[in-house]
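Heads up, the thing below is written out as structure tokens.
Below, chains carry the letters A, B, ... as their sequence lines are ordered, and counting in each starts from 1.
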2 protein chains.
Amino acid sequence: MVARYAQIAGELRDAITRGEYAVGAQLPSEAELAVRFAVSRGTIRQAVAVLGAEGLVGSRQGARRIVLGRERSQSFAELHSFAQWAWSMGYEVGGRVLRQRRRAASAAEAARLALRPGEPVLAVLRLRSLEGEPVMLERTVYAGWIAPAVERLDADCASVTQALHESVGLVFAYGEHLLDAVAAGSEDSRLLAVRRGGPLLRQRRVTTTPEGRPVEWSDDRYRAGSVAFGIRNSVDVNPLVRQVGELRPSP
Amino acid sequence: MVARYAQIAGELRDAITRGEYAVGAQLPSEAELAVRFAVSRGTIRQAVAVLGAEGLVGSRQGARRIVLGRERSQSFAELHSFAQWAWSMGYEVGGRVLRQRRRAASAAEAARLALRPGEPVLAVLRLRSLEGEPVMLERTVYAGWIAPAVERLDADCASVTQALHESVGLVFAYGEHLLDAVAAGSEDSRLLAVRRGGPLLRQRRVTTTPEGRPVEWSDDRYRAGSVAFGIRNSVDVNPLVRQVGELRPSP
DNA sequence: GGGCCTAGCTTGTTCAGACAAGTTCGCTTA
DNA sequence: TAAGCGAACTTGTCTGAACAAGCTAGGCCC
């Protein structure tokens, strides 16, 4: 059972993607759409709000909505799961666990995962590849309560997200991401086959269940040029934030 | 005149920031808030929707909303304008134009700026510093129609955004960003005082007016460690997208 | 022709009510 | 004790209405 406003949002999104409404063109008025879809104006507003949040259309009071772009934005699952993302694009994806061990959470890890320092966590090092080439190195710390389920997985399990969903019904719902660039360390350079000190795109992230319980804290490093992250924002909705790193890198 | 729902969103956001509602705690129910603020439930829903879009609270049907984080997210202006961001954090900021010239738009630039190839654009190279240290190199291409206003600015104008707003009333409303890591080129390394081939965080972006007219296309490169970009997302609202770069870097 | 002004259109805000769907928790039952 | 059930609560969806505020285009006047 999909909500009516979501169906309408889908139809409008498809129309935009098909080019029926060109970039820069105007969308029909809310009243017009309400008649066309035989719903109230409130439902139409919910539908176009979805498109607004996706950055596909913009709006100004008094003027008709305009189309800003036509690319479909990814689902949360596609962003969270490297494998699901690669599959959706038709790429061949690989993954291999290189190291896995239990240990006590550091202070920083405990804070990220809402644990007490010293509580057990599971640290995993995974190498991800795309079309056979190593592309990303994933250093993940799982909260102790999910560790047994992770340990039961195959070492070359492609989609951990999907496997955990199927085995224990775990669902990820919220994420917090920090993107920056770092120099490849010796382990990074060896495993990703890049020059030591060369550029890597780093994505640090915490992922949380629908109940707000943090599950994992990860440091993912992508080979430069292999992937980029995209974001659309506006005056009304700006999820992107710039933060200072360390101004003076410690020697 | 600020909308009532925005006021309520502000009060709730402040309460969360103050720690009145701890991370992981529940928010009062919509009905309760409606009584407390003496508005209808619809208005309360708009208010909490704002907090949801900011990633501060999460919600599931049937259960009370929970607090996910407490940091205030930045305004569009703070993200867009390097200077306004630095000022808001109390840092000293500097900017200097190193090169500026008019030329014809390349095919790629024309596509980004919704121009025809060959139409005139203004290319500017700016060095940005924080606390006296060079931190970011900004290569911006302005659409021809705004070029005269940009050329009238001082070479060491700190906030171009603010200056253009004051001089010609230009307002930025939408942005599209692409984040990745690149190796420092020779010009990059000289101006940012980093090793050639070392890591830089690259932010490529297009900014657009409220009418949907693209104004500038920029390639900003940050010294590694100086800044990071943060994003919160969820199953319901996911503005972040992962994209492939070039899988095989051209030799 | 050019500028001003207004009428009509369009989006933004708010309300009140109704029902659907999911969660929580205490009570009952095996 | 443990599982199952259901009532009360809470968020999600949708309607219809009204007014506010901003934009646009066409007509009018100079």
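- A donor-acceptor pair under 3.5 Å is absent between the side-chain atoms of Glu166(B) and the main chain of Ala163(B), judged by distance alone.
- Within 6.0 Å of CZ on Arg112(B) lie no more than 12 heavy atoms contributed by other residues, nucleotides or ligands.
- Atom CZ in Arg64(A) sits about 11 Å away from atom C1' in dT11(C), given to the nearest Å.
- When each of Ala63(A) and Ala3(A) is assigned the nucleotide of DNA chain D with its nearest heavy atom, Ala3(A) is the one assigned upstream, toward the 5' end.
- Atom C1' of nucleotide dG22(D) and atom CD of Glu211(B) are separated by 13 Å, given to the nearest angstrom.
- For residues 35-48 of chain A, proximity to DNA chain C is found at Arg41(A), Arg45(A), defined as any non-hydrogen atom under 4.0 angstrom from a strand atom.
- Rounded to an integer number of Å, the gap from CD of Gln61(B) to P of dG12(D) is 7 Å.
- Between the CG atom of Leu33(B) and the P atom of dC15(C) there is a distance of 14 Å, given to the nearest Å.
- The separation between Leu51(B) atom CG and dT11(D) atom C1' is 15 Å, rounded to whole Å.
- For Arg60(A), the listed nucleotide lying nearest its side chain is dC23(D); candidates were dT24(C), dA21(C), dC23(D).
- When the side chain to side chain contact (heavy atoms under 4.5 Å, CB included) test is applied to Ala228(A), the partners found at least two apart in sequence or on another chain are Leu178(B), Asp180(B).
- Distance, Arg4(A) CZ to dT13(D) P: 14 Å, rounded to whole Å.
- For Glu30(B) and dT23(C), the CD to P distance is 16 Å, given to the nearest whole Å.
- Applying the 6.0 Å contact sphere to CZ of Arg101(B) captures no more than 12 heavy atoms from other residues, nucleotides or ligands.
- Checking the phosphate oxygens (OP1, OP2) of dG12(C), a side-chain nitrogen or oxygen of Ser59(A) falls inside 4.0 Å.
- Between the side chain of Thr208(B) and the main chain of Gly212(B), no donor-acceptor pair closer than 3.5 Å is present.
- At whole-Å resolution of the value, OH in Tyr5(B) and C1' in dC15(C) are 16 Å apart.
- At least one test fails for Arg139(A) against the ring of Trp217(A): distance under 6.0 Å to the centre or angle within 45° of the axis.
- The structure places OH of Tyr21(B) at 6.0 Å from CG of Leu27(B), a figure rounded to the nearest 0.5 Å.
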